[in-house]
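FYI, side chains are in, hydrogens and waters are out, and symmetry mates aren't considered; it's all heavy atoms of this structure. Quick note on labels: first sequence line is chain A, next is B, and so on, each numbered from 1.
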Protein chains: 2
Amino acid sequence: MSITDDEARTLLRESALRATAPRLAVLRVLAEAPNPLSHTEVLECLGKTDWDPATIYRNLIKLRDAGVALVASHAHGMDRYELAHGDGHHPHFVCEGCGRVACLPAGLTASMSMEGPWATSIQNAMVQLRGECPDCLAKA
Amino acid sequence: MSITDDEARTLLRESALRATAPRLAVLRVLAEAPNPLSHTEVLECLGKTDWDPATIYRNLIKLRDAGVALVASHAHGMDRYELAHGDGHHPHFVCEGCGRVACLPAGLTASMSMEGPWATSIQNAMVQLRGECPDCLAKA
DNA sequence: ACGTTGATGCAACTCAATTGCATTTATTTG
DNA sequence: CAAATAAATGCAATTGAGTTGCATCAACGT
Ligand SMILES: [Mn+2]
Ligand SMILES: [Mn+2]
Ligand SMILES: [Zn+2]
Ligand SMILES: [Zn+2]
């Protein structure tokens with residue numbers, strides 16, 4: 001998945017965010033990533049000489065606060081960001097072996113028939129599975 | 001839930017772990033906690049008994065490696081430990097608002113039918129829900 | 001009681017996250 | 001288009017969880 005410069009600018013305008021060069025770059029990197037990326041991984045995708053890490057960091061925060069991006073996982077002390085595709089959120093798989101985070105197709109129905117105050121919380125929650133990915137299972 | 005000193009010693013013996021004072025203390029704290037605890041929270045629970053943080057840290061690792069405890073969540077850069085109750089693992093709810101992690105009753109099985117290499121990974125995975133807990137929903 | 005081996009205490013280190021502040025720049029406004 | 005304004009950037013410093021090296025101590029099988 002990719003994003004044109006115009007699409008990115010429109011997206012930012014709709015969120016009342018200024019279209020700066022690093023911000024557009026972050027948007028492009030997130031759009032092209034097949035999986036959620038950490039701050040460090042975004043830096044690597046951008047190439048190390050480009051922009052200040054703190055700037056990229058704050059842009060990820062901004063995009064998240066604006067609802068353009070979201071944190072798909074906090075696992076292993078790293079926030080992993082992805083674009084918030086309009087549709088409802090899909091589940092993610094966090095590998096405890098290699099640390100990778102993968103997007104899973106929507107359709108994972110967490111059948112939760114729970115009464116009481118937790119019902120709403122659970123129904124609106126994002127689903128995350130933690131285990132060993134196929135690659136790590138093969139090695140073990 | 002609590003644990004007697006004898007039960008703790010037996011549990012450790014079965015795992016080939018020496019029964020040291022800080023280790024027994026960690027075991028007792030985990031046994032009494034209603035929710036998974038971070039390293040820092042375990043230190044706070046131990047309170048007056050002033051053990052070295054690194055010792056407590058390594059004990060949590062040891063207990064995890066021995067299968068006595070497990071990491072219920074990595075959220076927000078904190079590993080949260082709980083005793084590995086014999087039965088299969090239950091899901092957990094991670095609140096993005098206040099950061100608390102709560103144990104959910106088993107039976108909230110997220111059923112996903114997926115083909116291919118991911119099938120096994122998914123079936124053996126632990127389920128984690130991320131959202132806003134009832135308390136945080138009430139404030140918002 | 002002894003000796004082996006694991007555990008402890010202390011200190012140092014890594015790395016993601018976070019923040020203060022002076023400077024620059026995108027966007028608004030005249 | 002140029003000035004005004006509020007936001008964003010670059011740089012540096014700080015926090016906090018996790019992690020590790022090493023000398024000393026202690027659990028426990030013999
Ligand atoms: Mn995803
Ligand atoms: Mn639990
Ligand atoms: Zn893996
Ligand atoms: Zn909460």
task: Identify, between B:Arg18 and A:Arg18, the residue whose nearest nucleotide on DNA chain D lies closer to the 5' end.
output: A:Arg18
- prompt: If you find the nucleotide of DNA chain D closest to B:Ala19 and the one closest to B:Asp79, which residue's nucleotide is nearer the 5' end?
  reply: B:Asp79
Measure the distance from [atom1] on [X] to [atom2] on [N] and round it to the nearest whole Å.
X: A:Tyr81; N: C:dA17; atom1: OH; atom2: C1'; result: 9 Å
X: A:Leu60; N: C:dA16; atom1: CG; atom2: C1'; result: 12 Å
X: A:Leu12; N: C:dA26; atom1: CG; atom2: P; result: 13 Å
X: B:Lys62; N: C:dT5; atom1: NZ; atom2: P; result: 14 Å
X: B:Ile61; N: D:dG21; atom1: CD1; atom2: C1'; result: 16 Å
X: B:Arg23; N: D:dC25; atom1: CZ; atom2: P; result: 19 Å
X: A:Asp52; N: D:dA12; atom1: CG; atom2: C1'; result: 9 Å
X: A:His76; N: D:dG18; atom1: NE2; atom2: P; result: 11 Å

query: Between the main-chain N or O of A:Met78 and the side-chain N or O of A:Ser38, is there a donor-acceptor pair closer than 3.5 Å?
result: no
- prompt: Can we say A:Arg100 and A:Asp135 salt-bridge, meaning some charged N sits less than 4.0 Å from an Asp/Glu carboxylate O?
  reply: yes
Please work out if [X] contacts a base, only the sugar-phosphate, or nothing of the nucleic acid, heavy-atom cut-off 4.0 Å.
X: B:Arg58; result: base
X: B:Thr55; result: base
X: B:Thr40; result: sugar-phosphate

message: According to a hydrophobic-cluster definition based on side-chain heavy atoms being under 4.5 Å apart (Ile, Leu, Val, Met, Phe, Trp, Tyr only), do B:Leu30 and B:Leu70 belong together?
response: no
field: hydrophobic_cluster_shared for A:Ile61 and A:Val26, side chain cutoff 4.5 Å
entry: yes
- prompt: Taking OP1 and OP2 of D:dA17, is either one under 4.0 Å from a side-chain nitrogen or oxygen of B:Tyr57?
  reply: no
message: With a 4.0 Å limit, can you tell me whether A:Thr20 has a side-chain N or O closer than that to the phosphate oxygens OP1/OP2 of D:dT9?
response: yes
message: Is there a side-chain contact between B:Arg80 and B:His92 in this structure, where contact means two heavy atoms from C-beta onward sitting under 4.5 Å apart?
response: no
